[in-house]
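Below: the structure, in C-alpha cells.
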2 protein chains.
Amino acid sequence: MTVSRAFKADSLVSPETREAILKAAEDLGYVFDSTASNLRSQKSDFVAVTIPSINNANFADTVGGLSDTLAKRGMQILLGYTNYDIDEEERLIEQLLRRKPQALVVTGGSHTARARRLLQTVAIPIIETWDIPADPIDHFVGFSNMAVMRDMVDHFVASGCRRIAFIGGDVQRDSRGSERRLGFIAAMQAHGLDASRLIAAGPPPISMREGANAMAKLIEIYPDTEAVVCVSDLAAYGALTECRRLGVPVPERFSIGGFGNYEIGEVCVPTLTTINAFAREIGEQTAQLILDILDNAQPVGNVRISTQLIVRDSSRQLQLVP
Amino acid sequence: MTVSRAFKADSLVSPETREAILKAAEDLGYVFDSTASNLRSQKSDFVAVTIPSINNANFADTVGGLSDTLAKRGMQILLGYTNYDIDEEERLIEQLLRRKPQALVVTGGSHTARARRLLQTVAIPIIETWDIPADPIDHFVGFSNMAVMRDMVDHFVASGCRRIAFIGGDVQRDSRGSERRLGFIAAMQAHGLDASRLIAAGPPPISMREGANAMAKLIEIYPDTEAVVCVSDLAAYGALTECRRLGVPVPERFSIGGFGNYEIGEVCVPTLTTINAFAREIGEQTAQLILDILDNAQPVGNVRISTQLIVRDSSRQLQLVP
DNA sequence: GTGAAAGCGCTAACAT
DNA sequence: ATGTTAGCGCTTTCAC
C-alpha cells in the first residue's frame, strides 16, 4: 500500500519512505502497471477519438489540441481512423469502447444506426465534432458545414461573380464534404443563381491531385465559369496549379476559394482565399468540455465554433466605386 | 466461462449457446472489458509509437502503415508526440510503458540516457525507425539520413552545380534533420566543394513558411548559389514560392531539391526533385517485424530501407553532349 | 461443450 | 504515516 501511495504525487507518505521506494523502483526497472490500476479504480484515463484520416492537417490539429489539453491532466488519447467510412467507424467505436475510455470524441454527426445505439447506451460523454448534428447524440463542438459554403458563395457573389462551380468529393462517403456541397447549392439558389456546376472529384480524401483533375474537367465542361468553390484548400491548391499549368490566370480568369486554412494556402502564389475552421481550437474546446464534465463543473454542453472567411489573392476583390 | 468463450471466435461453444449469449449481450448493451482481459492474460494488444509530430505527412504515413498492418491481427496503436524533443520523448516512453504495450516503436536513434536505459530494461521488442542508429537498442527499420543527402548532392553536382547551399533546422533538436545537414557537408567535402552555405531555419518543424524565409536569407547572403538542398519537401516548396515571388526562375537560376516525396512535390509548378523514403513501407515493415517477433517466426531483425532519388522539374537536368 | 477455483496487480475502504 | 482485506472482470487451469 505504501508503495502504491508513493507513486501518487498527492498522497501521504513520508518523504524518506517515498524516496527509498522510488529509488528501488528505478533500480529494479519496475514499471507501474496501469492495466491493473485501471481495472481496480474503474478509470482508464483514456479519451477515445475517431477521425476520418490521420493524414490531414485539419484533423491532426484537432487531435493536437485535444491531446495537449488532456495531457495536462494525465489523460491520453486513443486514436482511430475511419477512412471516411461510417461502417468502419462503427467497427472502430466498438473496438475503442472495449478499452473503457472515459469519453469518446467522433468526427462528424452521421453514424450507422448501430453506432448511434452504442454511443447512446454507453455511460460516458460523447462529443461529436466538426459538425452541428441535426440530432446530437450527446454533446457537440463544431460548426455548420453548410453555412461555411454560404459565406464563400456570398464573397464570390459580392465580388461580382455569377457563374460559380463547386469541386468536391462523391456525395456518399464524407458527410462534411457532402454538407458543404449542399451548402453551396443552397447558397447559390438563395442568390437566384444556377447551382448545377458540380464537379465530382471521386471518393474522399479529395486532395491536390484530385483538385487538379477536377479543375481540368471543369474548364472543359463549363469554360465560362468565373469562380470555383473547393471542398478544401488541398483541392483548391490542386485547381490553382492546374490553372498555372494551362496558363490561365488566377484570380483574373477564375476566382478560387478553399476551406480549412491549411498552411499551403498562405504560402502558395497566389495565396488562397479560404475559411478558417479553427481546427486546433475544436480540439482544445472538446478537451475542456470533457474535463468539465468529468469534474462535474458546469459544462457548457455544446460549442458552436465561429468560422472565419479569409480573403486572399486567389479571389477577385470587391470593386468599390470611387 | 462460457460467456468468455463465446466472445473468442475460435473457441468451443455450441452455436446455439454462442448466439444466445451474443444476443443477450447486444440487448443489455454489454461491452467487453479489455482492461480486465489484459490484466489476466498479461497482454494488451497495444503497440506504442512515438513520432515527433502528428502533423507531418511522412510520419502520418508511417503510422498508417503500422496501424493498418497491426489492425489485421487485432492490435492497436498507442500514439504519442515528442514535439522533436528527446526529453519529451523520455517522459512519453515512460508513460506509454505503463500501458504495457507489447512492442514500442520510436522515431529516430537518439534518446536521453535514461530513455535508453528504460528501453533496454523493458522486456518487449523495441524498434527504432527513420534512422540507422550507430548503436541500436534492439531492432531498427530505417535508412541513413546522411546517405540520402549524398544522393541529392551527387545529383546536383552531376548536373553541373558547384555552389550548393543547405536549408535545414537548428542542429540540436531534430536528429534526423541534423544528420541530413551532416550528410550534406560530408557529400560536399567528398566532391571537394565548399560546404559552408548552411541556412538555419529555426527549431523544427521546418515547414513551408520557414523554407520561404530561409530562401530569402540565402539569396541575400549567397546570391551566386546555384542549387539548394532542403531538409524536407515542405521547406523546398517554401523556397520555391519565395523564388516565384521574387521573380527568380527555378530551375534556371536555382536548382531546388527536397526530401520525403510529399504530395505537394508532384503537384506544384515546377514539380519538386526529392527523395522517396517510403514512409508507409517503413510502418508496414515495422509492423511485420513486430508480428514476426511476437509469433516467434524467424524475424528479419533489421530492415534497411532503400531510398530513391526522384528527379523532377525543380532541378537542372544533366546535359548530354550530342 | 461447460463449469469451478484461483489470481493477474493494483486501490477503495477501513483499520491502527 | 502505514497496513490489512477484499475485489475490479476477466482468463488460466483443471475437472467433468
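Bear in mind that the values here come from a model prediction, so they are computed numbers and not experimental data. A note on names: the letters A, B, ... follow the listed sequences, proteins ahead of strands, and every chain is numbered from 1.
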- request: Could you go through the ring pair (Phe, Tyr, Trp, His ring centres under 6.0 Å) check for A:Tyr30 and A:Phe7 one step at a time?
  value: CA-CA 12 Å; A:Tyr30 166 83; A:Phe7 277 89; 5.4 Å; yes

message = Is it the case that the side chain of B:His139 and the backbone of B:Gly301 share a donor-acceptor pair, with hydrogens and angles ignored and the cut-off at 3.5 Å?
response = yes

note: B:Arg99, atom CZ; C:dC8, atom P; distance rounded to Å ~ 22 Å

Here the salt bridge (charged side-chain N to carboxylate O under 4.0 Å, His left out) pairs for residues 100-115 of chain B, sequence neighbours left out, are A:Glu26-B:Arg114, B:Glu90-B:Arg114, B:Glu94-B:Arg114

Return yes if a side-chain donor-acceptor contact under 3.5 Å exists between B:Asn56 and B:Tyr262, otherwise no. yes

Its contact letters, B for base, S for sugar-phosphate only and - for none at protein heavy atoms under 4.0 Å, make nucleotides 7-16 of chain D read BBBBBB----

Separation of C:dT11 atom P from A:Asp10 atom CG, nearest Å, is 12 Å

field: Whether B:Asp131 side chain and B:Gly109 backbone form a donor-acceptor pair below 3.5 Å
entry: yes

